[in-house]
Amino acid sequence: MKNDHEESQSEEFIIGRHPVVAALKSDNPVNKLFVQSGAKDDDNIISEIMNLAHKKRLVISKVPKQKLDKLANNQNHQGVVLSIAAFKYAAIDDLFAHSEKAGMAPFFVILDNIEDPHNLGSIIRTADAAGVTGIIIPKHRAVGMTATVAKTSAGAIERVPVARVTNLSATVKELKERGLWVFGTDITGTDYRRWDAKGSVAVIIGNEGKGISPLLKKQVDEMLTIPMVGDIQSLNASVAASVLIYQGYNSRHPLGK
């Protein structure tokens, strides 16, 4: 099944020092570097960015802070903005290929209509740290790969392939046909600490307010729940995702005796 990984032709930007370094070290196409005139370089990261840009033969423009503020939509750019082609989404086959190249069974995270770009960026950052081999997001009614997502991920979007699909339900069906066990998250289910994520697995993280859609719930092999004893019986989507992703890591890479 093919997913919608076509690109728009609009220019996009990566902001922040560490995300820009990650983008320049990747093989993804970049267009132009904007650096704030007189920006302090106490950590020498701007020097590293300049060197990487020179190696790629990029046009480097030193501009006033007001110009960067405009390009970054008034977000904290830390004195650097990188112009890139629109984000190129992966295909589902690319996620399997990435898993194989990494020498691991597929470990995918499926995000059901996550709307907050900070949540998406944080989830991608955790996924990169814990060995997730692919992320799947829907094309509609969900946030895509924006500059805010890129900055929040601290460069992880350059290392974890992200597929965007038209129909999550059809994608889950395909994954199951290709040998994955698919797990969901809900307020009722198996305690996540009993989850064995060995082998080829995917875990679905639901929308910040509504959780997983009813149609997807019907397709999962098992529901997982995170027990809570406090008065607030819900977690931020990125926090819940982090807890589950690291349980996946724990079962796939257990401590030696």
Side-chain angles (χ1 to χ4, degrees), residues 4-43 45-50 52-53 56 58-90 111-128 135-164 205 207-209 236-239 241-242:
D4 299 270
H5 62 289
E6 73 279 353
E7 299 175 60
S8 70
Q9 298 302 310
S10 61
E11 187 177 44
E12 295 185 0
F13 300 98
I14 289 179
I15 62 176
R17 298 183 182 190
H18 291 292
V20 167
V21 168
L24 289 172
K25 287 183 176 180
S26 77
D27 294 327
N28 295 329
V30 292
N31 298 330
K32 185 176 181 179
L33 176 67
F34 298 89
V35 179
Q36 180 179 323
S37 300
K40 293 183 179 180
D41 191 23
D42 297 333
D43 51 11
I45 294 183
I46 289 184
S47 297
E48 181 182 6
I49 288 170
M50 297 284 282
L52 289 168
K56 285 183 175 285
L58 292 185
V59 173
I60 302 172
S61 292
K62 291 195 173 183
V63 297
K65 181 178 181 296
Q66 291 81 357
K67 170 71 172 179
L68 294 186
D69 291 342
K70 184 176 180 180
L71 292 176
N73 197 23
N74 292 315
Q75 296 182 77
N76 182 18
H77 47 71
Q78 299 176 311
V80 288
V81 172
L82 184 67
S83 167
I84 61 171
F87 184 83
K88 185 176 181 180
Y89 291 94
L111 303 177
D112 185 14
N113 296 331
I114 297 296
E115 299 174 347
D116 186 335
H118 295 94
N119 278 340
L120 178 55
S122 294
I123 291 169
I124 295 172
R125 183 172 182 173
T126 301
D128 177 46
I135 291 174
I136 300 169
I137 63 174
K139 182 179 180 182
H140 304 292
R141 297 183 298 278
V143 67
M145 305 304 288
T146 66
T148 300
V149 173
K151 187 174 189 300
T152 307
S153 80
I157 64 167
E158 306 295 340
R159 297 182 290 272
V160 182
V162 178
R164 183 173 63 170
I205 307 297
N207 171 273
E208 290 93 344
N236 173 279
S238 64
V239 174
S242 297

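Values below: all heavy atoms of this structure, side chains included; hydrogens, waters and symmetry mates excluded.
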CA sep, side-chain torsions, deciding dist, call: Ile124, Met145, side-chain contact (heavy atoms from CB on, under 4.5 Å): CA-CA 11 Å; Ile124 295 172; Met145 305 304 288; 3.5 Å; yes
Minimum-distance pair of heavy atoms, taken over all atoms of Leu120 and Gly144: CD2-O, 3.7 Å
Shortest non-hydrogen contact from Ala90 toward Pro161: CB-CB, 4.0 Å
pair Tyr89-Ile137: side-chain heavy atoms closer than 4.5 Å: yes
Contacts of type side chain to side chain donor-acceptor pair (under 3.5 Å), residue Ser238, not counting sequence neighbours: Asn119, Asn236
pair Arg159-Lys25: side-chain heavy atoms closer than 4.5 Å: no
For Arg17, all residues meeting salt bridge (Lys or Arg N to Asp or Glu O under 4.0 Å), sequence neighbours excluded: Asp43
Residues forming a side chain to side chain donor-acceptor pair (under 3.5 Å) with Ser153, sequence neighbours excluded: none
Verdict with supporting geometry, Leu24 and Leu58, side-chain contact (heavy atoms from CB on, under 4.5 Å): CA-CA 10 Å; Leu24 289 172; Leu58 292 185; 3.7 Å; yes
Below 3.5 Å, can you tabulate the donor-acceptor pairs from side chains in residues 65-72 to any protein atom, sequence neighbours excluded?
{"unit_1": "Lys65", "atom_1": "NZ", "unit_2": "Asp69", "atom_2": "OD1", "d": "3.3"}
{"unit_1": "Lys65", "atom_1": "NZ", "unit_2": "Asp69", "atom_2": "OD2", "d": "3.0"}
{"unit_1": "Asp69", "atom_1": "OD1", "unit_2": "His77", "atom_2": "NE2", "d": "2.8"}

Ile135 to Ala127 - nearest heavy-atom pair and separation: CD1-CB, 3.9 Å
Inter-residue atom distance Leu82.CG - Lys32.NZ, 0.5 Å rounding: 11.5 Å
Set of side chain to side chain contact (heavy atoms under 4.5 Å, CB included) partners for Pro138, sequence neighbours left out: Asn113, Ala142, Leu168
Considering all heavy atoms, the nearest Ala241-Ile123 contact: CB-CG1, 3.8 Å
Residues forming a salt bridge (Lys or Arg N to Asp or Glu O under 4.0 Å) with Glu115, sequence neighbours excluded: none
Under the salt bridge (Lys or Arg N to Asp or Glu O under 4.0 Å) test, residues paired with Asp116 that sit two or more places apart: none
With sequence neighbours excluded, residues passing side chain to side chain donor-acceptor pair (under 3.5 Å) with Ser26: Glu158
Working for side-chain contact (heavy atoms from CB on, under 4.5 Å), residues Asn207 and Asp112: CA-CA 6 Å; Asn207 171 273; Asp112 185 14; 5.7 Å; no
Residues that Lys62 engages under side chain to side chain donor-acceptor pair (under 3.5 Å), provided they are two or more places apart: none
Shortest non-hydrogen separation from Asp128 to Ala156 and the atoms involved: CB-CB, 3.7 Å
Any His118 side-chain heavy atom under 4.5 Å of Thr148 side chain: yes
Closest non-hydrogen atom pair between Leu33 and Met50, with its separation: CD2-SD, 4.3 Å
Val162 side chain reached by Ile157 side chain, heavy atoms, under 4.5 Å: no
Point-to-point distance, once rounded to the nearest 0.5 Å, from CD of Glu48 to CG of Asp41: 10.0 Å
